[in-house]
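Quick notes on the structure that follows.
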Amino acid sequence: MSVSGKLIVFTAPSGSGKTTIVKHILATFPQTSFSVSATTRPQRPHEVHGQDYYFLSVDIFQRWIGYGAFAEWEEVYPGQFYGTLKSEIKRLHQKDKHVIFDVDVKGALSIKEKYPLECLTVFVKVPSMEELERRLRHRGTDSEESLKKRLSKAEFELTFESRFDQVLINDDLQGTLKKAEEIVRNFLF
Ligand code: ADP
Ligand code: 5GP
């Protein structure tokens, strides 16, 4: 599948600030739109189906894998599947939007491999593991078990840093948002 618009993929260990940065980019650049992923993880109270994610059962997700519906998918945590639907990228390009993704490191590399010319990958990083844990606890959306899973996965994900086009260290938030804007502006225009 070839695509006409551009693809900007934000990736990072959970808790690094991807969602915060992506929301800022979407609000700053009206030419961009968010690629809503499919997932089998439970819906959080503030999340809206079709806006934050398409929440699917494992059974349906696996059936859609079989139909070839995904541009990429990963079992990001044991038993929890996440994936980008081909139809989602098509839907946004038909609306003349550049597509913004929030996916895990393997998903980001798969999208880059599939669309090398149109795609920019940005790896978001927190200054230290201690700060990452602090932010995840402060966000308050994860059980202790889920938090442990995310922290142990983060150590693995940090080893992928050198494989992305840009690395963005999310220390001071306002400074980070300005840098993110600059990265996106340079790529789109
Ligand atoms: P992700 O999408 O990568 O899991 P979030 O955007 O949800 O990360 O950010 C994790 C938590 O850290 C949120 O509570 C968010 O408000 C907070 N946060 C994001 N950036 C910063 C920052 N630069 N300094 C302090 N807290 C931050
Ligand atoms: P969360 O459960 O915190 O929303 O997301 C957990 C992880 O799954 C994050 O690293 C997020 O970027 C990743 N993720 C979300 N959507 C997708 C997707 O479509 N594909 C892949 N590979 N990862 C995703």
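Each ligand, and each atom within it, is numbered from 1 in the order the structure gives. Being a predicted model, the structure only gives us computed values, none of them experimental.
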Exercise. So is there a nitrogen or oxygen of Ala12 less than 3.5 Å from a nitrogen or oxygen in ligand 1?
Worked result: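 No, no N or O pair falls under 3.5 Å.
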For this session: Using a strict cut-off of 4.0 Å, indicate which atoms of ligand 1 neighbour a heavy atom of Thr19.
Result: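 So the atoms of ligand 1 that pass are 1 (P), 2 (O), 6 (O).
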Exercise. Do Ser146 and Arg150 have a side chain donor and acceptor closer than 3.5 Å?
Worked result: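 Yes, a side-chain donor-acceptor pair sits under 3.5 Å.
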Problem set entry | Heavy atom of Asn170, distance to ligand 1 below 4.0 Å | yes
For this session: Please work out which of Glu131, Arg135, His24 has its closest non-hydrogen atom nearest to atom 26 (N) of ligand 1.
Result: Arg135
For this session: Closest by any non-hydrogen atom to atom 16 (N) of ligand 2: pick that one out of Ser37, Ser16, Gly83, Pro42.
Result: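 Checking each option, the heavy atom nearest atom 16 (N) of ligand 2 is found in Ser37.
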[X], any N or O under 3.5 Å of ligand 2 N or O:
X	result
Arg41	yes
Asp104	yes
Arg150	yes
Tyr82	yes
Arg44	yes

Exercise. Looking at side-chain heavy atoms only, is the closest gap between Phe123 and Arg163 below 4.5 Å?
Worked result: no
Problem set entry | Contact check, side chains of Arg41 and Tyr53, non-hydrogen atoms, under 4.5 Å |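 Answer yes - side chains close enough.
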Exercise. Does the Ser35 side chain pair with the main chain of Phe101, one donor and one acceptor, at a distance under 3.5 Å?
Worked result: no
For this session: Please confirm whether Trp73 comes under 4.0 Å of ligand 2, counting heavy atoms of the residue only.
Result: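 Trp73 does not count as a contact of ligand 2 under the 4.0 Å cut-off.
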Problem set entry | Lys106 heavy atom under 4.0 Å from ligand 2 |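 False for this residue.
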